Amino acid sequence: MKKIQWIAAAFSLVLGTQSFAQAPYALPKLNYDYKAIEPHIDAQTMEIHYSKHHQAYVDNLNKALTDPKLAALTLEQLLLNAGRRSDVIRNNAGGHYNHSLFWEILTPTPDTESKPSDALMNSIELSFKNMDSLKKLMNQAASSRFGSGWAWLVLTPDKQLIVTSTPNQDNPIMDVSKDRGIPIIGIDVWEHAYYLKYQNKRGDYLGAVWKALNWNVISKKYYEALQNPLLKVIEKSSWKELNDFHMVMAQTFHPVEENNFKPLRERSGELVARAVDLKNSKVPASFNTPEITKAIDELVKGATELDKINTKKVKDGVLKVKIEKLHDKFHEIQGLCSH
Ligand code: MN
């Protein structure tokens, strides 16, 4: 990637995360009043949902971010590795992100003006045939979600639109989700989103929310997601075999830096196995380059050599040089994936 493109990408990453920023988090401003979404969503539900439920996610997230290292991360970075965070951070970071999106994509009624952009409509037709089948799929995803959760329209790293759902306050940015990407539409199917007006009739609520969607905002979300560098970060973080290799590398290389050779002595065979898995894995589309293929081949070769000399009981110093080289090679791959 040329330098100017890199600067543009970094700049748009900053802009892309601007609305959610970093700790301490705050409720985003609503662009309409509580009554504005009636009759689809009643004023009391809007008020409690926004000023009590969402506020609680924000407050609990801020309370949970006592570690300055975590507080320095953006909301998206917290979500990306949600599986490695505490449940409190996972649930409340998700709750804050999801609700911020939900408020944004609702429109005051009557909305006679908003409609999907041509680009979004083309993409919907490509993935679902037409708007009706998208609506049907979203409603199915929302109705079949047992208990609390969300239904999503998501842009995947290979730039396809898909429909999925997640439990609780999880979302498709998170490493714990089976379908990953950037959410374009999120529909809250927690009972707190509809119970006052619709009681147990989730289907009626879903039909009503569909009428309250702001397609101008959703089209803008789609356009922004297409160029959001987060898409590539998600793609890389979904590459399981890369992460698996990284894990063994971290757990063997870092002890060596502290002169503890035991993990590497015991696990050099695993380094080979994970490198071979990586070589045999499906390389995500945008990383499928000759440079990366070549670097992975060299990783397998390097790991195999290291394992071989390890079984011959070479001195620590010799092993250290090898693992340092292998570590550099791995970071070369990591680096190539970030361009
Ligand atoms: Mn909610």
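The shown structure was predicted, so the numbers you read here are calculated from the model rather than taken from an experiment. Whatever order the structure lists ligands and atoms in, that order sets their numbers, starting from 1.
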Atom of H99 nearest the Mn ion (ligand 1) (restricted to N/O/S, atom name only):
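This residue's closest N, O or S atom turns out to be NE2.
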Any idea which N/O/S atom from D188 gets closest to the Mn ion (ligand 1)?
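The closest N, O or S atom of D188 to the Mn ion (ligand 1) is OD2.
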Can you check salt bridge (Lys or Arg N to Asp or Glu O under 4.0 Å) on K329 and E332, steps first, answer last?
CA-CA 5 Å; K329 183 53 70 181; E332 191 186 315; 3.0 Å; yes
Identify the two heavy atoms, one from N98 and one from Q169, that lie closest to each other, and give their separation to 0.1 Å.
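Nearest pair, atom of N98 first, then Q169: ND2-O, 3.0 Å.
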Give me the one residue out of W190, W103, Y195 that meets ring-ring contact (aromatic ring centres under 6.0 Å, His included) with H49.
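Option passing the ring-ring contact (aromatic ring centres under 6.0 Å, His included) with H49: W103.
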Could you tell me the angle subtended at the Mn ion (ligand 1) by NE2 of H192 and NE2 of H49, rounded to 10°?
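Roughly 100°, rounded to 10°.
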So, is H54 placed with an N/O/S atom under 2.8 Å from the Mn ion (ligand 1), counting both backbone and side chain?
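So H54 does not bind the Mn ion (ligand 1) by this criterion.
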So, do W150 and H99 have ring centers that fall under 6.0 Å from each other?
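W150 vs H99: aromatic centres under 6.0 Å.
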